[in-house]
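The first residue of the sequence shown is numbered 1, and numbering continues consecutively from there. Heavy-atom basis, side chains included; hydrogens, waters and symmetry copies ignored.
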Amino acid sequence: MTEVSSLTGRLLVATPALADPNFDRAVVLLLDHDEEGSLGVVLNRPTPVGVGDILASWAGLTGEPDVVFQGGPVSLDSALGVAVIPGDEGPLGWRRVHGAIGLVDLEAPPELLAAALGSLRIFAGYAGWGPGQLESELTGGAWYVVESEPGDVSSPHPEKLWRAVLRRQRSELAMIATYPDDPSLN
């Protein structure tokens with residue numbers, strides 16, 4: 001079996017050719033990627049549901065927009081908390097994923113983490129891939145893989161994240177940011 005090079009902590013940016021409506025212009029933060037599969041959350045799919053409507057105790061700790069994000073098409077009835085916590089040590093109830101980005105235990109008392117949180121976002125569901133599935137999609141040209149930045153998790157303008165992530169690349173990917181929503185209108 002070939003060894004899988006971990007993409008944990010990196011972003012998957014949907015190519016304009018990706019036809020799956022779940023991932024149209026999606027920016028996915030990979031929280032786990034190994035030989036057993038991959039798991040991530042879509043960073044740019046806010047829902048109209050307020051965090052306070054489903055997790056009232058965490059509502060005051062999330063950034064703007066203060067809504068739940070659809071993390072992906074899998075397990076929409078489950079919630080994941082992703083937070084940026086600066087520094088070397090994270091508080092109890094937080095597990096580092098990559099750099100300053102980590103997962104929050106939403107069962108923990110929010111006051112354990114409140115003082116340390118740089119930002120927090122709540123996701124309903126996640127994006128998941130079985131063994132080799134993501135690698136197949138990458139080979140097929142469905143995704144661009146780029147480095148994440150802590151600010152991606154808490155972008156106050158998630159609807160602009162796809163273009164912003166592409167625009168900051170130092171390659172031909174920066175030009176893809178200008179790709180029209182509907183190229184047939186050109």
Heavy-atom closest pair, residues [X] and [Y]:
| X | Y | value |
| --- | --- | --- |
| Val153 | Ile101 | CG2-CD1, 4.0 Å |
| His98 | Ser148 | CD2-OG, 4.2 Å |
| Tyr126 | Gly40 | CB-O, 3.4 Å |
| Pro158 | Pro65 | CD-CD, 4.1 Å |
| Ile85 | Gly90 | CG2-CA, 4.5 Å |
| Leu106 | Gly81 | CD1-N, 3.7 Å |

Next item on the list: Any chance you could lay out the side chain to side chain contact (heavy atoms under 4.5 Å, CB included) test for Arg10 and Val146, step after step, and finish with the verdict?
Entry: CA-CA 6 Å; Arg10 299 189 72 192; Val146 300; 5.8 Å; no
Notebook entry, point to check: Could you walk me through whether His33 and Glu135 pass the side-chain hydrogen bond (donor to acceptor under 3.5 Å, both in side chains) check?
Noted result: CA-CA 10 Å; His33 176 251; Glu135 288 73 17; 2.6 Å; yes
Main-chain N/O of [Y] paired with [X] side-chain donor or acceptor, under 3.5 Å:
| X | Y | result |
| --- | --- | --- |
| Arg163 | Ala177 | yes |
| Trp143 | Thr15 | no |
| Ser155 | Asp152 | no |
| Glu137 | Leu134 | no |

Heavy-atom side-chain contact between [X] and [Y] under 4.5 Å:
| X | Y | value |
| --- | --- | --- |
| Val51 | Asp53 | no |
| Leu29 | Leu11 | yes |
| Trp162 | Ile176 | yes |

So if you build clusters from Ile, Leu, Val, Met, Phe, Trp, Tyr with side-chain heavy-atom gaps below 4.5 Å, do [X] and [Y] land together?
| X | Y | value |
| --- | --- | --- |
| Leu31 | Val13 | yes |
| Leu120 | Leu103 | no |
| Ile122 | Val104 | yes |
| Val145 | Met175 | no |
| Ile54 | Phe123 | no |

[X] side, atom [atom1]; [Y] side, atom [atom2] - distance, nearest 0.5 Å:
| X | Y | atom1 | atom2 | answer |
| --- | --- | --- | --- | --- |
| Leu61 | Glu111 | CG | CD | 9.0 Å |
| Arg96 | Glu89 | CZ | CD | 7.5 Å |
| Thr178 | Leu166 | OG1 | CG | 9.5 Å |

Next item on the list: Would you please test Leu30 and Val41 for side chain to side chain contact (heavy atoms under 4.5 Å, CB included) and show each step?
Entry: CA-CA 7 Å; Leu30 282 175; Val41 289; over 6 Å; no
Tell me which donor-acceptor pairs under 3.5 Å the side chains of residues 66-78 have, and how far apart each pair is, sequence neighbours excluded?
residue	atom	partner	partner atom	Å
Asp66	OD1	Thr62	OG1	2.2
Ser78	OG	Ser75	O	2.8

Next item on the list: Determine the sole option in Leu112, Leu113, Leu117 for which the side chain to side chain contact (heavy atoms under 4.5 Å, CB included) test with Pro91 is passed.
Entry: Leu113
Margin query: Arg45 and side chain to side chain contact (heavy atoms under 4.5 Å, CB included): which single residue from Leu161, Asp24, Val28 fits?
Written below: Asp24
Check: Should Leu12 and Trp129 be marked as a side chain to side chain contact (heavy atoms under 4.5 Å, CB included) after you check the CA-CA gap, both sets of side-chain angles, and the distance that decides it?
Finding: CA-CA 13 Å; Leu12 299 177; Trp129 294 264; 3.8 Å; yes
Checklist line | side chain to side chain donor-acceptor pair (under 3.5 Å) partners of Trp94, counting only residues at least two apart | finding: none
